[in-house]
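Notes to accompany the following structure.
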Amino acid sequence: MNGTLVDSNVLLDVLTEDVRWEGWSSAALERCANSGPLFVNAVVYAEVSIGFATIEEVEEALPPESFGRLHLPLEAAFPAGKAFLRYPRRQGIRTSPLPDFFIGAHAAVAGLRLLTRDGRRYRTYFPSLELVAPDTE
């Protein structure tokens with residue numbers, strides 16, 4: 001598959017006009033959109049939706065003609081779970097939730113590039129994944 005799965009952190013940077021990251025995230029979104037379709041999955045959609053009161057507001061923020069919707073394939077569940085198990089516990093608490101691993105595994109099994117600010121984490125657990133991240137540019 002051709003295109004880019006967009007991580008929620010990039011979308012939230014733009015939607016919340018994050019002082020530190022909005023510029024980078026906006027420019028990276030534009031570059032990725034110019035090279036192929038952009039996608040979100042149910043995990044990303046759910047994470048972004050937290051900041052909105054209605055589904056109509058989410059749909060306006062993430063219009064389907066700009067962000068294609070992808071179903072999370074069952075094939076992503078196994079590598080997501082294995083990556084989550086390898087993720088080290090810090091003081092008994094995991095700082096990266098399981099949904100982040102679903103995002104990385106989904107991009108990997110679908111053959112999509114991943115646009116994220118968390119390049120290091122995804123690179124560690126999904127080394128074959130093509131990333132667009134601040135530390136890869």
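Bear in mind that the values here come from a model prediction, so they are computed numbers and not experimental data.
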Query - Of all pairs that satisfy salt bridge (charged side-chain N to carboxylate O under 4.0 Å, His left out), the ones with a partner from residues 63-77, not counting sequence neighbours - result: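 Pairs touching residues 63-77 that pass the test: E59-R69.
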
Query raised in the report: Does A53 offer a backbone N or O that forms a donor-acceptor pair with the side chain of E57 under 3.5 Å?
Result: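 Here the side-chain-to-backbone pair exists.
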
Query raised in the report: Is there a donor-acceptor pair under 3.5 Å between the side chain of T116 and the backbone N or O of G119?
Result: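 Not a single qualifying donor-acceptor pair exists.
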
Establish whether [X] and [Y] are linked, either directly or via other cluster members, by ILVMFWY side-chain heavy-atom contacts under 4.5 Å.
| X | Y | value |
| --- | --- | --- |
| V109 | Y125 | no |
| V40 | I55 | yes |
| V48 | I50 | no |

Query raised in the report: Given the rule in the salt bridge (charged side-chain N to carboxylate O under 4.0 Å, His left out) test, do D100 and R121 qualify, once you have shown the distances and angles that lead to the verdict?
Result: CA-CA 9 Å; D100 288 351; R121 177 184 319 136; 2.8 Å; yes

side-chain hydrogen bond (donor to acceptor under 3.5 Å, both in side chains) involving [X] - partner list, sequence neighbours excluded:
| X | answer |
| --- | --- |
| E22 | none |
| R113 | T4, S35 |
| S66 | none |
| S49 | none |

Requested in this report: Would you give the length of the straight line joining atom CG of L70 to atom CG of L112, rounded to the nearest 0.5 angstrom?
Outcome: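 Rounded to the nearest 0.5 Å, the CG-CG separation comes out at 6.0 Å.
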
Requested in this report: Compare every heavy atom of L115 with every heavy atom of C32, then report the nearest pair and how far apart it is.
Outcome: SG-CD2, 4.2 Å

Query - Shortest non-hydrogen contact between A105 and A76, atoms and distance - result: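 Nearest heavy atoms, A105 then A76: CB-O, 3.3 Å.
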
Quick one, [X] and [Y] - any side-chain contact, counting heavy atoms below 4.5 Å?
| X | Y | value |
| --- | --- | --- |
| I103 | E47 | yes |
| D135 | R120 | yes |
| E130 | L114 | no |
| F39 | V44 | no |
| P134 | W21 | yes |
| V6 | L29 | yes |

Query raised in the report: Any side-chain hydrogen bond (donor to acceptor under 3.5 Å, both in side chains) pairs touching residues 11-20, not counting sequence neighbours?
Result: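 Qualifying pairs, neighbours excluded: D13-S25, D13-R117.
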
Report task. For the pair F126 and F101, name the ring-plane relationship: parallel under 30°, tilted 30 to 60°, perpendicular over 60°. Result ->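 Answer is tilted, since the angle falls between 30° and 60°.
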
